[in-house]
Amino acid sequence: MLRLSPCLLGPAFVAVAFVPPAAAQTHPPDQSSPTQQQPSSNAVPTLRAGTQLVIVDVVVTDKSQKPVHGLKVSDFSLTEENVPQSIKHFEEHAALTPADATKFPTLPKMPPGVFTNYVPEPVNGAVNLLLLDTLNTPVRDQVFVRQQLLAYLNNVPPGTRIAIFGLSTQLTILQSFTSDPALLKAVASAKPGKSSPLLQDSVGGSGIQNSMADDLEDMGASAETVANLRQFEAQQQSAQLELRIRYTLDAMNQLARYLSSIPGRKNLIWFSGSFPISILPDTTQTSTGASALPDPFAVVADYEKEFRDTVNLLARSQVAVYPIDARGLMNSPVFDAATTRNYSRGPTRMNQDQNKFFNDTAAEHSTMSQMAEATGGHAFYNTNGLAQAVSTAISDGSNFYTLAYTPSNPARDGKFRKIKLQLAKQGLTLAYRHGYYADDPDKGAPVVKSESPQSGVADAAVTAATQNSQRAMRAAVMRGSPTPSEIIMKVGVYSVGPATQTEETPATGNILAEKIHGPFHRYSVSYAINPANITFIRGADGKIRGDFELAIFVFNPEGFLVNRINSDLHIASSLEDLKKNVARGIQYNQEISAPAKGEYFLRIVVHDRTRDKFGAVEVATSEVRNLPLPTAAPSTATPQVSPASPPATNHAPPN
């Protein structure tokens with residue numbers, strides 16, 4: 001195990017491990033499955049040429065929407081940009097039996113004070129996640145969702161493994177993967193979350209009421225005053241919608257990172273009121289035929305680039321999204337009994353409200369369909385049968401075929417490549433993702449500049465990419481959020497000195513938040529990082545280079561940051577030296593201080609800057625306060641990584 005000491009290496013030295021270049025933008029090429037075996041003491045990473053590999057999961061159903069089994073690879077034809085492709089690997093998957101669903105890899109027993117972000121999951125088949133989205137869903141519809149979810153869980157097939165997540169302004173785990181219906185029902189039976197602070201109608205069912213601008217218009221205010229107030233109200237609503245979009249995309253990115261270490265297909269069933277990718281200009285007209293807003297384009301925002309990045313991340317983690325409209329069947333709120341809007345001034349307001357309802361609904365359903373189509377899932381809307389929708393999604397997502405091919409066009413030019421699958425047999429329906437962006441994983445997505453309707457100034461693409469990375473980092477370090485597992489790690493966390501020992505100053509290199517004072521208690525954190533998850537690139541000079549960072553964030557129970565430490569690590573080494581150094585992994589040590597009184601939480605993070613991947617572990621100080629530093633270093637070796645094998649098994653690229 002490579003042991004790195006800051007005091008010996010100096011602040012500018014970088015510590016590293018070697019990993020092969022990414023194989024394909026479309027799935028996590030360096031992803032491997034931990035096994036029950038212990039790591040080999042002489043396992044040395046080998047240099048492998050990057051092989052672009054595209055994995056496509058396809059669900060095949062008949063006219064009765066039943067899964068079709070028994071197809072052969074010869075039954076499928078696959079093209080990319082209308083060019084036939086050779087299918088390199090083919091595998092059929094069926095829903096797990098109750099017995100198979102309980103077969104888990106055993107997590108090696110670790111000594112006290114050692115923690116990992118590796119979560120054992122079924123050794124084959126798909127896993128299912130339910131996302132209860134309270135950010136984008138009125139409370140009334142949240143109640144309906146939970147009723148329908150309970151109806152499904154009352155008849156869930158034995159052995160079905162499900163995890164439940166919640167989304168408000170941040171993502172949380174409500175129930176980790178389990179096949180115990182009682183645990184899942186306990187979550188579904190809980191009271192709905194608080195109403196969303198970013199929804200105009202956060203409770204639901206209140207119909208349409210006059211706005212302040214409408215009231216002023218009814219009182220005879222000047223047209224200019226009314227128009228300016230409408231502009232202000234529209235911009236306020238646009239700002240709230242932008243926040244919802246950002247929070248939602250960030251949550252999807254978090255889920256993709258959290259699920260990245262689990263091999264195979266993941267079915268994400270997302271209950272939501274949905275959201276549009278773009279905030280379109282409000283071009284509704286007043287009774288005089290003029291625009292209702294002085295500047296309709298002032299409320300325009302486009303998140304198509306962020307949406308693309310999120311879809312790519314979901315695809316790399318092999319996550320198929322099944323959005324379900326939590327509102328069920330909807331009628332225009334114009335005819336809702338709770339509507340008190342003044343329509344006595346003529347048909348204009350009613351027509352505006354009707355048009356807005358239809359346009360907004362179409363945009364939301366379009367986003368749901370785009371997300372589903374881009375990831376190989378299916379969108380459910382205009383139905384009150386949410387329980388049946390969950391059942392259909394889990395059934396479809398558990399019975400599928402996996403195909404893998406190497407594109408005949410090896411260029412990684414960032415362009416969208418259309419995928420088309422066909423069957424020789426007629427009358428069957430295929431659900432799969434219909435393309436991918438051929439981005440170079442070492443360079444990221446290409447810069448796409450767009451013009452602002454207000455200023456005509458090109459977007460600052462580099463700034464946007466930096467902001468996306470910062471948002472990903474914030475999600476990774478957020479107290480209580482799912483721990484990303486793109487980088488598998490173990491950490492040993494121990495008390496420095498007796499539990500009663502305190503000091504007035506924090507450990508060296510710690511950065512305290514404002515108004516945080518001693519006394520402190522110090523903790524030692526030893527990292528053991530799986531080198532197969534860290535990216536290293538060969539430079540023009542032949543040296544292998546890497547860039548990553550290790551950070552610890554200390555939070556109080558309310559989620560406020562009180563202290564942190566960060567170590568930037570860089571490497572430039574010959575391949576032979578690197579092989580010798582990382583033969584048994586990467587090890588590093590940091591010391592962090594937390595206030596001596598009360599409980600605090602250490603969020604321990606590894607960030608691979610080259611591909612913007614993360615690993616994280618969260619530890620409560622109450623778990624380690626009484627654990628002294630061991631006299632001998634504990635075994636913190638990372639879980640054994642299985643050798644590369646066919647992509648449908650562990651989704652590692654071939655040599």
Side-chain angles (χ1 to χ4, degrees), residues 19-32 47-60 71-93 256 260 263-265 305 307-320 370 373-377 400-424 430-448 535 537-538 610-613 644-655:
V19 59
Q25 177 273 345
T26 53
H27 79 294
D30 50 1
Q31 175 180 329
S32 304
L47 179 64
R48 296 183 292 181
T51 303
Q52 190 178 16
L53 190 68
V54 179
I55 292 179
V56 182
D57 290 332
V58 53
V59 175
V60 183
L71 298 175
K72 308 297 183 184
V73 65
S74 57
D75 296 322
F76 291 85
S77 62
L78 188 153
T79 62
E80 179 179 295
E81 292 296 314
N82 297 320
V83 177
Q85 305 293 316
S86 175
I87 299 174
K88 302 294 186 181
H89 184 84
F90 177 84
E91 187 171 353
E92 179 180 356
H93 302 268
S260 63
R265 181 185 177 99
K305 170 62 168 62
F307 181 82
R308 161 189 162 153
D309 292 343
T310 296
V311 167
N312 282 350
L313 195 56
L314 289 167
R316 284 198 296 269
S317 296
Q318 226 174 328
V319 178
Q370 288 182 58
E373 182 174 315
T375 60
F400 61 98
Y401 298 86
T402 296
L403 296 78
Y405 71 97
T406 300
S408 57
N409 178 6
R412 301 183 185 183
D413 51 14
K415 294 181 180 179
F416 185 77
R417 307 278 182 82
K418 292 181 181 179
I419 299 173
K420 186 175 182 180
L421 271 173
Q422 291 180 299
L423 280 174
L430 283 70
Y432 59 96
R433 60 190 181 102
H434 291 262
Y436 69 98
Y437 288 95
D439 294 335
D440 186 334
D442 299 331
K443 297 180 180 179
V447 174
V448 180
T535 306
I537 306 299
R538 187 192 295 276
T610 304
R611 296 217 181 99
D612 216 19
K613 299 191 304 180
S645 54
T649 303
N650 70 358
H651 307 290
N655 289 332

Distance only, no hydrogens: is a donor on one side chain within 3.5 Å (strictly under) of an acceptor on the other, for Asn409 and Glu80?
no
When you measure from the centre of the six-membered ring of Tyr437, is the NZ or CZ of Arg417 under 6.0 Å away and within 45° of the axis?
no
Asn82 side, atom CG; Lys418 side, atom NZ - distance, nearest 0.5 Å:
8.0 Å
Quick one: does His434's side chain have a donor or acceptor within less than 3.5 Å of a partner on Tyr432's backbone?
yes
Chi angles and distances behind the ring-ring contact (aromatic ring centres under 6.0 Å, His included) call for Tyr401, Phe90:
CA-CA 7 Å; Tyr401 298 86; Phe90 177 84; 5.7 Å; yes
Derivation and outcome, side chain to side chain donor-acceptor pair (under 3.5 Å), residues Thr402 and His93
CA-CA 8 Å; Thr402 296; His93 302 268; 3.0 Å; yes
Does Phe76 form a side chain to side chain contact (heavy atoms under 4.5 Å, CB included) with Leu71? I'd like the steps, not just the answer.
CA-CA 8 Å; Phe76 291 85; Leu71 298 175; 3.9 Å; yes
Has Gln85 got a side-chain atom pairing as donor or acceptor with Ser408's backbone, closer than 3.5 angstrom?
yes
OG of Ser260 to CG of Leu314: how many Å apart, nearest 0.5 Å?
11.5 Å
How many angstroms lie between NZ in Lys613 and CG in Leu313, if you round to the nearest 0.5 Å?
11.0 Å
I'd like to check Ile537 versus Thr610 (side-chain heavy atoms, cut-off strictly below 4.5 Å). Are they in contact?
yes
Atom CD in Glu92, atom CG in Leu403: separation rounded to 0.5 Å?
11.5 Å
Supply the atom-to-atom distance Asp612 CG to Thr535 OG1, rounded to the nearest 0.5 angstrom.
10.5 Å
Roughly how far, to the nearest 0.5 Å, is the CZ atom of Phe416 from the CD atom of Glu81?
8.0 Å
Which of Thr79, Val54, Val58 passes side chain to side chain contact (heavy atoms under 4.5 Å, CB included) with Ile419? Answer is Val54
Checking side-chain polar atoms at under 3.5 Å, does Arg433 have a donor or acceptor matched by the opposite partner on Thr375?
no
